[in-house]
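First listed ligand is number 1; within each ligand, the first listed atom is number 1. Model, not experiment: these values are computed from the prediction.
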Amino acid sequence: MTPYTGLIDRYRRRLPISDAVRIISLCEGNTPLIRLQNIPEVIERDVKVYVKYEGLNPTGSFKDRGMTVAVTKAVEEGSRAVICASTGNTSASAAAYAARAGIAAFVLIPEGKIALGKLAQAMMAGAVVLQIRGNFDAGMRLVKEVAARAPVTIVNSINPYRLQGQKTAAFEIIEALGRAPDFHCIPVGNAGNITAHWMGYQEYARDGVAKTLPRMCGYQASGAAPFLRGHAVDDPETVATAIRIGHPQSWDQAWQVNKESQGWFDELSDEEILASQKLLAEREGIFCEPASAASVGGALRDLASAKIPAGSVVVCTLTGHGLKDPDIAIRQSSARRVNVDATLAAVERAIMDNMT
Ligand SMILES: *Cc1c(COP(=O)(O)O)cnc(C)c1O
């Protein structure tokens, strides 16, 4: 058996990568598709709900799928530096792939508004971290302006190679299920990922690998929900910092996905998002970051209302790993923490007292 060597090797003929090129990879992709089996809303109904655990990519988010292609192309084209604006995960991924390639990374992040794990990742990989006094949308505007003047390659999802890499998640889902799901539920920030998944599903349908297409269901945080408002939002705010975006870069594309797939957008409050994150961890042992849980929270609500009907096959993307932001997890966890003396008697008593 040959070892897995990353998604460019796996899907090379479906990607804009030529044969001679040096591939910059950290063996991203090939993430597990896990069926939910303990959540009441799911087991009470005749539905199959799976989560695609993208938090198990090398830097802990789906961004690695796009970054391997974007950085491979940047290096092929002779670029010596990449740049991105980020709510955290893009910067972690860009920093790691730039380190792997031996080129520089500049990352613009909103000061004080990214999860600490993501900042640690960018710093450890040696990126130059520019903490701006402004949000992601301001950072994105600056990145576009500066890249027109300085010799740096933008690796945000406006870089078309990013979406090419990210479409492979849809390929993997179809291969794992032997078919396309009926509904694909996904968190939406810049809307690059929902666009990329639709590209992947369409490509496999066109080539006859799958017979059907899913309906694409995009979920936003209520405080950062431009697709629900129908226009850009200037001061997005949500606990789910990865989707704290008011001016989505793939606005038109996502509306087209919405129309073509006959899907929908919906919104969740911060409380609903955190409750879904906790539910997944407590019931299934799957730890994702808050933004990721919007997909499952949305799917469960739409199952309960029968908007997603009985008999359906549903896939929810878990975009990033829960370890990115342990603070938020510990703050909202209701797990018992008991301080005890370091004696057998005290530990035994604590066990007996807390047995459920
Ligand atoms: C980037 C990101 C998103 C949003 O993806 P878009 O392509 O911007 O819509 C959602 N969740 C996490 C964890 C992310 O890192």
Side-chain donor or acceptor of Thr68 paired with backbone N/O of Asp64 under 3.5 Å:
no
Would you list the pairs meeting ring pair (Phe, Tyr, Trp, His ring centres under 6.0 Å) in which at least one residue belongs to residues 319-356, sequence neighbours left out?
Tyr53-His321
Could you list, one pair per line, each nitrogen or oxygen of ligand 1 together with any protein nitrogen or oxygen closer than 3.5 Å, giving atom names and the distance rounded to 0.1 Å?
from     : atom 1 : to     : atom 2 : distance (Å)
ligand 1 : 7 (O)  : Gly192 : N      : 3.2
ligand 1 : 7 (O)  : Asn193 : N      : 2.8
ligand 1 : 8 (O)  : Asn190 : N      : 2.8
ligand 1 : 9 (O)  : Gly189 : N      : 2.8
ligand 1 : 9 (O)  : Asn190 : N      : 3.3
ligand 1 : 9 (O)  : Ala191 : N      : 2.8
ligand 1 : 11 (N) : Thr319 : OG1    : 2.8
ligand 1 : 15 (O) : Lys63  : NZ     : 2.6
ligand 1 : 15 (O) : Asn89  : ND2    : 2.7

Using side-chain hydrogen bond (donor to acceptor under 3.5 Å, both in side chains) as the criterion, list what pairs up with Thr195, not counting sequence neighbours.
none
Can you tell whether the side chains of Glu172 and Lys52 come within less than 4.0 Å, N to carboxylate O?
yes
Residue list, side-chain hydrogen bond (donor to acceptor under 3.5 Å, both in side chains) with Gln131, at least two apart or on another chain
none
Output, in order, the C-alpha distance, side-chain angles, deciding distance and verdict of side-chain hydrogen bond (donor to acceptor under 3.5 Å, both in side chains) for Arg65 and Thr31.
CA-CA 11 Å; Arg65 289 185 186 273; Thr31 56; 3.2 Å; yes
